[in-house]
Amino acid sequence: MRIEVLTIFPEIFDSPIKSSLLGKARDAGLLEINVSDIRDFSTDKHRTVDDTPFGGGAGMVMKAEPIDRALQQIRENLTDPRLLLTSASGKKFDQKMANELSREESIIIICGRYKGVDERILELHPIEEVSIGDYVLSGGEAAALVMIEAVARLVPGYMGKIEAGEDDAFAWGILGFPNYTHPQEYKGLKVPDVLVSGHHAKIERYRRYSALKKTLQNRPELLETIELSDIDKKLLDEIKK
Ligand code: SAH
């Protein structure tokens, strides 16, 4: 998979894309991430990328021109890339979208800054606006990194064992189960007995129970959106008691 990022702060991506699994995936050739500076596509000597808003008001707006030129150039070398613009007003990014994007051959992510980008860019290119949540960031770079992290780990071969992602939160449509590691007792707190029992069916039941419990506590609305099995319903009854 190839990910192209357009930003006026390319240095923000330096460390995140070199570190950890993302860095390894790039080294292994599973993932290509290129970061381009939108300023390189401006045409004046001041490398201008923003200007005052028509209609007045505080703040600056990112000009359409440099972004358009950057997109034209990058799109030339790609077949049918998905074009995403980070925006607080976009469609909400979620695990389903991450799954979908992980199957794309190439993605271009445009990072907004200031008050956002000149709206006409959305008419010049088939761009989808994407938001990572109902809050406002100062720029789209952190949002782009969130999306890259979520999408990259779904690219086959990214994680040591592909199964490693199968029991993540949202893989089941509900939240994840709690994890424990050594020591078995820490400050008087013991790991639940069932997890050291070696009894796989019981461990599985316990994990499903804990995941459902956490979902009921923190995100009850998710339970409305998934199909609950008979066992789930039984476990939920137990939890509610
Ligand atoms: N005036 C804008 C906010 C601009 S914030 C508005 O009211 O919507 C500056 C940039 O940060 C945006 O252009 C966008 O690229 C990015 N950004 C802010 N919040 C975001 C979010 N929740 N998800 C994705 N990108 C976001």
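Every number for a ligand or one of its atoms is a count from 1 in the order of the listing. Heavy atoms only: backbone and side chains are in, while hydrogens, waters and symmetry mates are out.
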Atoms of ligand 1 under 4.0 Å from any heavy atom of A143, numbered from 1 in the order shown, are 24 (C), 25 (N)
Exercise. Count the heavy atoms belonging to other residues, nucleotides or ligands that lie under 6.0 Å from CD of E65, then report whether that count exceeds 12.
Key: no
The answer for which part of V130 has a heavy atom under 4.0 Å from ligand 1 is backbone
Inset, instruction - Can you confirm whether something in the protein, heavy atoms only, sits under 4.0 Å from atom 7 (O) of ligand 1? - result: no
Per-atom filter on ligand 1: closer than 4.0 angstrom to a heavy atom of G140 are 11 (O), 15 (O), 16 (C)
Original post:
Is it true that a side-chain atom of R39 and a backbone atom of I8 form a donor plus acceptor pair closer than 3.5 Å?
Top reply: no
shortest atom 23 (N) of ligand 1-to-protein heavy-atom contact is with I132 N, 3.0 Å
The answer for which part of S87 has a heavy atom under 4.0 Å from ligand 1 is backbone
inquiry  = For L175, is there any backbone N or O sitting under 3.5 Å from a side-chain donor or acceptor partner on T215?
reply    = yes
- Pair S102, N99: side-chain N/O donor-acceptor within cut-off below 3.5 Å: no
The atoms of ligand 1 lying under 4.0 Å from a heavy atom of V136, numbered in the order shown, are 3 (C), 5 (S), 19 (N)
So the atoms of ligand 1 within less than 4.0 Å of a heavy atom of Y114 turn out to be 4 (C), 5 (S), 9 (C)
Q | Atom OH of Y186: over 12 foreign heavy atoms under 6.0 Å | A | no
Other residues, nucleotides and ligands only: do more than 12 of their heavy atoms fall within 6.0 Å of CD1 on I226?
yes
among protein heavy atoms, the one nearest atom 5 (S) of ligand 1 is L137 O, 3.1 Å
Checking L101, T86, L84 against F93 for side-chain contact (heavy atoms from CB on, under 4.5 Å), the one that qualifies is L101
among protein heavy atoms, the one nearest atom 1 (N) of ligand 1 is K115 O, 3.2 Å
Atoms of ligand 1 under 4.0 Å from any heavy atom of S138, numbered from 1 in the order shown, are 9 (C), 11 (O)
Ligand 1 atoms nearer than 4.0 angstrom to some heavy atom of S89 are 8 (O)
Closest to atom 10 (C) of ligand 1 (heavy atoms only, candidates G133, G112, A142) is G112
Mark yes or no for whether Y158, through its side chain, and L22, through its backbone, hold a donor-acceptor pair below 3.5 Å. yes
Under 6.0 Å from the ring centre and within 45 degrees of the ring axis: does the NZ or CZ of R208 meet both conditions for the six-membered ring of W172? yes
the protein heavy atom lying closest to atom 22 (N) of ligand 1 turns out to be Y135 O, 2.8 Å
Exercise. Are any non-hydrogen side-chain atoms of E128 and K91 less than 4.5 angstrom apart?
Worked result: no
Residue, atom and distance of the protein heavy atom nearest atom 14 (C) of ligand 1 read T86 O, 3.3 Å
re atom 13 (O) of ligand 1, the protein heavy-atom contact at minimum distance is G116 CA, 3.4 Å
